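Source: prediction; values computed, not measured. Chain letters run A, B, ... following the sequence lines, proteins first, then strands; residues in each count from 1.
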Protein chains: 2
Amino acid sequence: MINNIKKTRKTTQGQIIIEELTKTYTHPDATELYEKVKKRLPKVSLSTIYRNLEKLVNEGVILKLDIDGSPARYDSHTHPHYHIKCTNCGKIDDISLKQNIAVDKIIEKKYGYKMVKHNVEFWGICPKCKDKSNDLQKTKQKTEPH
Amino acid sequence: MINNIKKTRKTTQGQIIIEELTKTYTHPDATELYEKVKKRLPKVSLSTIYRNLEKLVNEGVILKLDIDGSPARYDSHTHPHYHIKCTNCGKIDDISLKQNIAVDKIIEKKYGYKMVKHNVEFWGICPKCKDKSNDLQKTKQKTEPH
DNA sequence: TTGCATGCAAAGTTTTTGCATGCAG
DNA sequence: CTGCATGCAAAAACTTTGCATGCAA
């Protein structure tokens with residue numbers, strides 16, 4: 001529908017940006033990735049990071065995770081998967097889950113939309129934070145019995 | 001786990017903000033709501049809108065929709081439902097869908113998170129934009145036959 | 001009276017853009 | 001060569017914060 005064909009050039013910056021993103025499994029945001037790239041290319045600018053990330057997202061090479069209004073995070077794992085964010089420490093983990101295609105069909109029929117994609121986000125307390133909170137409660141129970 | 005108890009005061013601004021949001025079915029962002037409230041309270045400030053919306057979100061009275069990195073949109077319909085965003089015009093519609101609680105349990109077991117909530121977002125082309133695009137294609141077929 | 005909520009202005013945060021220059025094709 | 005990509009700085013877009021004052025309880 002929209003003409004996406006655009007010649008793109010292979011640049012050192014672009015190359016290193018995708019390399020560093022691929023090496024990173026923590027879904028970095030633009031600034032975090034910038035710090036990593038800067039170690040190899042000290043003069044790189046943050047806008048180059050943004051411009052390259054945007055290009056890669058448009059090409060479908062990487063995923064942009066816009067969760068919660070916090071800075072967008074990027075993910076070079078493009079096999080279908082979802083994400084869970086810790087409501088305590090903000091960490092994002094991958095979730096593998098069978099994609100439910102039937103839902104898309106149901107909604108196309110019911111609402112008249114032509115479905116493009118869907119996404120599922122989960123929020124929870126990660127194992128590490130859960131343990132910490134348990135420890136705290138135990139301590140409380142010891143020092144402040146009912 | 002976190003102490004959320006806080007006395008809040010009933011103010012004219014807060015009252016009108018929730019009233020106007022409830023009257024609005026288009027999931028307005030803070031600025032749009034600000035314009036509506038300003039018609040009744042010309043001296044209201046945008047930060048009051050933000051502060052009240054944040055309070056209402058924390059109290060669970062309204063929903064904050066953070067989709068796509070665009071400005072956050074707010075929704076006073078708190079019965080469980082999802083959203084679909086038109087990739088063409090940006091409109092957001094409600095989606096009623098049976099909540100799949102089983103998924104939460106599966107993920108708790110598999111990933112060790114304590115589940116808090118989940119959300120599903122859909123992207124598609126809304127009926128109106130779909131029609132427009134069809135019309136365009138028909139015109140093209142007339143004027144530029146293969 | 002007390003201190004939470006407001007209006008205003010300023011600042012913060014994240015992302016985008018304009019422009020001269022650099023470099024890939 | 002040509003013009004897309006870059007670095008830098010500035011601006012834009014959205015949201016939060018500091019502070020003096022207002023007003024609900």
Side-chain angles (χ1 to χ4, degrees), chain A residues 3-21 27-59 61-75 85 90 92, chain B residues 3-21 27-59 61-75 85 90 92:
Chain A
N3 186 5
N4 273 323
I5 301 160
K6 231 193 240 177
K7 245 175 261 178
T8 75
R9 218 164 254 190
K10 198 178 280 181
T11 66
T12 310
Q13 289 85 341
Q15 197 56 40
I16 292 183
I17 286 167
I18 184 66
E19 272 178 32
E20 290 298 322
L21 182 57
H27 312 91
D29 63 26
T31 307
E32 285 162 6
L33 193 57
Y34 172 56
E35 294 303 333
K36 285 175 194 293
V37 173
K38 221 157 79 169
K39 286 189 184 146
R40 296 174 57 185
L41 275 178
K43 296 206 67 181
V44 77
S45 82
L46 184 54
S47 42
T48 297
I49 307 289
Y50 273 108
R51 280 190 278 233
N52 275 275
L53 288 173
E54 195 197 5
K55 195 192 70 181
L56 292 165
V57 169
N58 288 338
E59 292 169 354
V61 175
I62 66 169
L63 258 38
K64 182 177 183 183
L65 316 179
D66 261 313
I67 306 184
D68 266 354
S70 37
R73 300 180 156 273
Y74 298 86
D75 189 343
K85 179 169 181 173
I92 295 181
Chain B
N3 187 6
N4 273 324
I5 301 159
K6 228 193 241 179
K7 247 174 260 179
T8 74
R9 218 162 254 193
K10 199 178 280 181
T11 65
T12 311
Q13 289 87 339
Q15 197 57 41
I16 293 183
I17 287 167
I18 184 68
E19 272 178 34
E20 290 298 322
L21 181 58
H27 312 91
D29 63 26
T31 307
E32 285 163 5
L33 192 57
Y34 172 56
E35 294 304 331
K36 285 175 195 292
V37 173
K38 221 156 81 169
K39 285 188 184 147
R40 297 173 58 184
L41 274 178
K43 297 206 67 183
V44 77
S45 81
L46 184 54
S47 42
T48 297
I49 307 290
Y50 274 108
R51 279 191 277 233
N52 275 274
L53 288 173
E54 195 198 4
K55 195 191 69 179
L56 292 165
V57 169
N58 288 338
E59 292 168 354
V61 175
I62 66 170
L63 257 38
K64 182 177 183 184
L65 316 179
D66 262 313
I67 306 184
D68 265 353
S70 38
R73 299 179 156 274
Y74 299 86
D75 188 344
K85 178 168 182 175
I92 295 180

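- A heavy-atom distance below 4.5 Å is not found between the side chains of Thr31(A) and Ile49(A).
- Phosphate contact (OP1/OP2 of dT15(C), side-chain N/O of Tyr50(A), threshold under 4.0 Å): present.
- Nearest nucleotide to the Asn52(B) side chain, out of dG7(C), dT6(D), dT6(C): dT6(C).
- Between Asn58(B) atom CG and dA5(C) atom C1' the separation is 16 Å, expressed in whole Å.
- Side chain of His27(B) to backbone of Asp75(B): no donor-acceptor contact under 3.5 angstrom is found.
- Rounded to whole Å, atom P of dT14(C) lies 15 Å from atom CG of Leu53(A).
- In the set dC4(D), dC14(D), dG7(D), the nucleotide with an atom closest to the side chain of Thr48(A) is dG7(D).
- A heavy-atom distance below 4.5 Å is found between the side chains of Ile62(B) and Ile18(B).
- Judged by atom type and distance alone, Thr31(B) does not reach the base of dC14(D) through any side-chain donor-acceptor pair under 3.5 Å.
- Here the CG atom belonging to Asp66(A) is positioned 11.5 Å from the CZ atom belonging to Arg73(A), to the nearest 0.5 angstrom.
- Remark: the backbone N or O of Ile17(B) is not paired with any side-chain donor or acceptor of Glu20(B) at under 3.5 angstrom.
- Nearest-nucleotide assignment on DNA chain D puts the 5′-proximal partner with Asp29(B), out of Asp29(B) and Lys10(B).
- Side-chain nitrogen and oxygen atoms of Lys55(B) include none within less than 4.0 Å of the OP1 or OP2 phosphate oxygen of dC4(C).
- When distances run from any side-chain atom of Arg9(B) to the nucleotides dC23(D), dT15(C), dC23(C), the shortest one goes to dC23(D).
- In this structure, the nucleotide among dA5(D), dT16(D), dC8(D) sitting nearest to the side chain of Ser45(A) is dC8(D).
- Atom-to-atom, OH of Tyr34(B) to P of dT16(D) comes out at 16 Å; the value is rounded to the nearest Å.
- Closest contact between the side chain of Arg51(A) and the listed nucleotides dC4(D), dT15(C), dG18(C) involves dG18(C).
- Dashed line: the shortest gap from a side-chain N or O of Gln13(B) to OP1 or OP2 of dG7(C) is under 4.0 Å.
- Comparing Asp66(B) and Thr11(B), the nucleotide of DNA chain D nearest to each residue sits closer to the 5' end for Asp66(B).
- Here dC14(D) presents its P atom at 10 Å from CD of Glu32(B), a figure rounded to the nearest Å.
- In this structure, Leu46(B) atom CG and dT17(D) atom P are separated by 14 Å, rounded to whole Å.
- Between Gln15(B) atom CD and dT6(C) atom C1' there is a gap of 16 Å when expressed in whole angstrom units.
- Pair assignment for dC23(D): dG3(C), on the basis of Watson-Crick or G-U wobble contacts that are both within less than 3.5 Å.
- For Glu59(B) and dA5(C), the CD to C1' distance is 13 Å, given to the nearest whole Å.
- Ile49(B) places its CD1 atom 12 Å from the P atom of dC8(C), with the value rounded to the nearest Å.
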